Amino acid sequence: MIQQANPGAGYRALQAQIDAAVARVLASGWYVLGQEGRAFEAEFAAWLGLPHVIGCGNGTDAIALALRGLGIGAGQAVVTVSHTAVATVAAIEMAGATPLLVDIDPVHYTMDPDALRRVLEDPPPGLPPIGAVVVVHLYGQPADLDRIVPLCREHRVALIEDCAQAHGARLHERRAGTFGDAATFSFYPTKNLGALGDGGAVAVADAGLAERIAALRQYGWHKQYISDEVGVNSRLDELQAAILRVKLAHLDSQNARRRAIAAAYSAALAAGPLVAPRIRDGAESVFHLYVARSKQRDAVQAQLREAGIGTGIHYPVPVHLQPAYAGRVAIGPGGCPETEAASREILSLPLYAELTDEQVQAVCAGLRGL
Ligand SMILES: *Cc1c(COP(=O)(O)O)cnc(C)c1O
């Protein structure tokens, strides 16, 4: 079976370098917030093109820390999408804020700017004022920032870019994560830049904001043992930082490999029942996931499984319909019909940089046989 994702292959491809990095950390005697973490933060900042990166425990914490750093919390609503990892919405509630979920554009699966405009111009009654937008660059492609950035500026709300699926994506030659007030990343093992455990980071341009977020990730300490405000414990450990330094050096070439595999799939899908994903004009996707679409999704998935091709569904149940959120979380006027339709029709094909040419050809043959 060709797996949909394969973090073990990612380790094996760089095993000698990763093992050496791990041995170096083990021998150093320093395991949390040390020189590996600082070096990774500096290298990731340089790669991204922002001056400040703050490592943290995971991508969910990164969103919550960014919100708190920007002063967003209780008594404020935060707009995001329902078609995302539940983590995005969980993080908004962790920060103490009230999520407001809007629909997606059905072609690119990212936030519908018109749905955002409607809630900014005419906020749903009974909600606290909107303080921020968390835009999700889903599946590896930037959301419609050409429209979303000006809307946030016009309405004076903060913009956080959830880049957990978009390490290295570009819009008009500019990296996703450099458009808003803060960018958040996850280094969960299956992400484009994946640790061998949990990890995350916040990236910002503003030095004061960076200092506040760095304090919040460790009990609110600006100075050791003195909490100036209530913080949390969400640190990136030295082992993960050292592993991420190895992997960061290969990220751009691995993203290019993902794009090449995606192009092969799209060519194979041209005539079949699965509709290939579309990339926005001016955007370069890093194809965290290759998500095709079909009204016969479940039958197609079964047929591919028979052919030895593993697939996934990201995500099968929109956040606003999940038991923990249904009937409780606020949604924009008109609801989220495109989100609900997409969740019934989407299918993620195998995609990771270490897929061999033979495996890619086998998937393409399976797609042509649909
Ligand atoms: C993975 C992911 C997160 C959460 O990251 P964790 O490291 O698992 O906490 C947040 N948002 C999106 C869009 C993700 O894909």
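Note that the structure is predicted; figures quoted are calculated from it, not measured. Both counts, for ligands and for their atoms, begin at 1 and track the order of listing.
Between Phe44 and Phe187, the ring centre distance stays below 6.0 Å. A distance below 6.0 Å separates the ring centres of Tyr139 and Tyr109.
Atoms of ligand 1 lying under 4.0 Å from any heavy atom of Asn58, numbered from 1 in the order shown and given with element: 7 (O), 9 (O). Per-residue contacts place Ala85 under 4.0 angstrom from the following atoms of ligand 1 (heavy atoms of the residue considered): 12 (C), 14 (C), 15 (O). Close approach to Thr88 involves these atoms of ligand 1, each under 4.0 Å from a residue heavy atom: 11 (N).
If you look at Val136 next to ligand 1, the close heavy atoms, those under 4.0 Å, all belong to the side chain. Contacts between Thr84 and ligand 1 below 4.0 angstrom, taking non-hydrogen atoms only, involve the side chain exclusively.
In summary, Arg212 and Glu229 engage in a salt bridge, as defined by a charged side-chain N under 4.0 Å from a carboxylate O.
In this structure, atom 4 (C) of ligand 1 lies nearest to the protein heavy atom Ala87 CB, 3.4 Å. Distance from atom 13 (C) of ligand 1 to its nearest protein heavy atom, with residue and atom name: Asp162 OD2, 3.5 Å. At the top of the distance list for atom 9 (O) of ligand 1, counting protein heavy atoms only, stands Thr60 OG1, 2.5 Å.
Among His83, Lys191, His314, His137, the residue whose heavy atom lies closest to atom 15 (O) of ligand 1 is Lys191. Nearest to atom 8 (O) of ligand 1 by heavy-atom distance, out of Ala164, Pro189, Ser186, is Ser186.
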Kindly indicate, with the supporting measurements, whether the criterion salt bridge (charged side-chain N to carboxylate O under 4.0 Å, His left out) is fulfilled by Glu284 and Arg258.
-> CA-CA 12 Å; Glu284 186 176 63; Arg258 284 175 179 265; over 6 Å; no
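Taking only nitrogen or oxygen atoms, main chain and side chain alike, Gln165 reaches within less than 3.5 Å of ligand 1.
Side-chain atoms of Trp30 come within 3.5 Å of backbone N or O of Val32 as a donor-acceptor pair.
Asp19 and Tyr11 share a donor-acceptor pair across their side chains, judged by distance under 3.5 Å alone.
For the atom pair Thr88 OG1 and Ile160 CD1, the distance stands at 11.0 Å (nearest 0.5 Å).
In this pair, His167 and Phe185 present their aromatic rings tilted. The plane angle is within the 30 to 60° band.
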